[in-house]
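As the structure lists them, so they are numbered: ligands from 1, and atoms in each ligand from 1.
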Amino acid sequence: MSMRPQIPVAIASPDADLAVIRQCGIRDVSLMLKPEEILDDAVARMQERLARYELTVSDAFCTPLQKNRSIHLGLPDRDGQIDAFNEMVRVLGRAHIPFTSIAWQPHGILRTDWRVGRHTRGGVSMYCDQAEILSRPNAEDRAYTEEEIWNNFQYFLDRTVPVCEEAGVRMALHPNDPPLACMAGIPSLIWNSDGFRRAIAAAHGSKALGIKLCIGCWLEAGDAFGNLMADIAEFCADDRVLCVHFRNVDAPLPVFEEVLCEDGYADMYAIMKQLVACGCQAVISIDHGFQPTEGFGGRTGTHLYPTGFMKGLLWAAEQEIGRQKA
Ligand SMILES: [Mn+2]
């Protein structure tokens with residue numbers, strides 16, 4: 001396969017989840033680590049357990065370090081947080097885990113609500129109304145400037161890129177979600193594809209900085225994010241795409257709900273074919289599922305059907321593109 005379908009797991013994931021992931025023909029898992037789990041032996045034990053299910057850790061991340069208020073806003077304790085990030089990078093490097101995740105959103109993904117959508121068949125998914133998000137007061141005690149946010153990003157890169165290069169670990173940068181220029185007094189780092197170009201330039205060409213190509217974010221912003229098909233070609237050719245988030249929404253902003261791939265406004269098969277045609281070698285995941293349904297399957301259960309649908313599109317795209325090349 002060109003791309004490798006992936007499902008997230010945690011050290012606390014039960015063996016049954018790992019067994020079912022294996023039965024879906026998945027070989028790659030993204031490992032969510034708690035801060036206290038960032039230890040050589042904890043990671044090695046998990047890798048051994050996963051190996052019994054023929055699963056490999058494609059990447060690992062720690063949410064408090066990935067979305068870190070002190071680092072993103074340049075607060076007084078940021079150096080200690082950057083040290084903790086670098087220590088995680090060294091642990092991943094020793095475990096031969098090739099990349100970790102960063103997302104420059106100190107308050108995480110912003111959404112208006114979790115609700116049953118018009119197109120979710122009773123599933124509870126994330127709903128976003130731009131007017132509501134943009135009406136929010138400052139999340140911090142003051143508004144920040146775009147220059148400050150980019151300076152903080154540069155400060156972080158200057159201290160992490162050399163460590164990543166030495167450890168052999170890359171960073172996959174996710175866009176701000178939703179991709180609006182400024183929310184709650186905090187300018188976004190990445191709300192269009194030019195933001196990615198600027199970020200890559202800030203890494204002075206180092207391959208330590210890669211991207212999470214979140215199709216969901218591109219689709220949420222529509223043409224305002226960039227030309228999705230051209231951007232896929234550009235970032236794949238530059239070997240920047242470490243992870244693809246294969247997610248659809250019912251409509252672009254100002255209002256959207258997250259839906260199954262086959263229920264959204266974008267032709268996800270055309271997008272999959274472009275990824276395959278561009279030689280994308282990333283891991284690929286559905287990004288967000290619906291909320292788990294009480295009594296069934298937990299978080300892993302919500303990923304199974306959409307991941308299977310995605311795998312089907314990937315299989316078909318590889319067949320079709322393969323025939324065209326033959
Ligand atoms: Mn995403």
Side-chain angles (χ1 to χ4, degrees), residues 3-9 28-32 58-68 72 99-112 114 117 120 123 125-128 130 133 170-180 183 188-193 195-196 199 209-222 224-226 228 231-232 235-236 240-253 256-261 263-266 268 271-272 274-275 280 282-291 299 302-303 306-307 309-310 313-314:
M3 285 171 285
R4 292 165 291 130
Q6 170 207 60
I7 284 182
V9 300
D28 289 85
V29 293
S30 178
L31 179 60
M32 298 179 280
S58 57
D59 63 280
F61 63 96
C62 174
T63 300
L65 293 173
Q66 176 193 15
K67 302 176 183 179
N68 189 285
H72 301 345
F99 75 90
T100 187
S101 300
I102 52 174
W104 223 252
Q105 18 190 40
H107 298 282
I109 295 169
L110 298 187
R111 291 287 187 268
T112 300
W114 279 90
T120 61
S125 78
M126 285 196 270
Y127 170 84
C128 184
Q130 172 178 309
I133 301 280
R170 299 177 73 185
M171 296 183 280
L173 175 61
H174 192 286
N176 290 75
D177 188 359
L180 295 167
M183 293 174 275
S188 295
L189 189 80
I190 309 292
W191 50 281
N192 58 29
S193 51
F196 275 127
L209 184 67
I211 73 172
K212 270 196 187 177
L213 204 154
C214 182
I215 305 290
C217 286
W218 256 263
L219 297 178
E220 288 166 16
F225 202 101
L228 173 61
D231 291 341
I232 288 172
F235 292 123
C236 286
R240 294 291 171 182
V241 183
L242 302 179
C243 176
V244 175
H245 279 171
F246 199 73
R247 177 166 63 82
N248 208 347
V249 292
D250 71 322
L253 287 165
F256 68 82
E257 59 189 48
E258 300 193 16
V259 296
L260 295 176
C261 267
D263 291 334
Y265 83 90
M268 297 302 279
I271 294 167
M272 186 66 90
Q274 176 70 348
L275 288 162
C280 188
V283 290
I284 182 166
S285 86
I286 64 154
D287 200 4
H288 310 150
F290 292 167
Q291 261 184 10
R299 184 68 59 194
T302 65
H303 276 252
T307 300
F309 185 90
M310 178 182 80
L313 293 187
L314 175 58

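When distances from the Mn ion (ligand 1) to the N, O or S atoms of His245 are compared, ND1 comes out shortest. The atom name of the N/O/S atom in Asp287 closest to the Mn ion (ligand 1) is OD2.
The ring-ring contact (aromatic ring centres under 6.0 Å, His included) test applied to His174 returns His245, not counting sequence neighbours. Phe225 pairs by the ring-ring contact (aromatic ring centres under 6.0 Å, His included) definition with Trp218, not counting sequence neighbours.
Between Ile211 and the choices Asp231, Leu242, Val241, the side-chain contact (heavy atoms from CB on, under 4.5 Å) rule is met once, by Val241.
Inclusion of His288 in the first shell of the Mn ion (ligand 1) is not supported: no N, O or S atom falls under 2.8 Å.
Between Lys212 and Asp177, none of the side-chain N atoms (NZ, or NE/NH1/NH2) sits under 4.0 Å from a carboxylate O, so this pair counts as no salt bridge.
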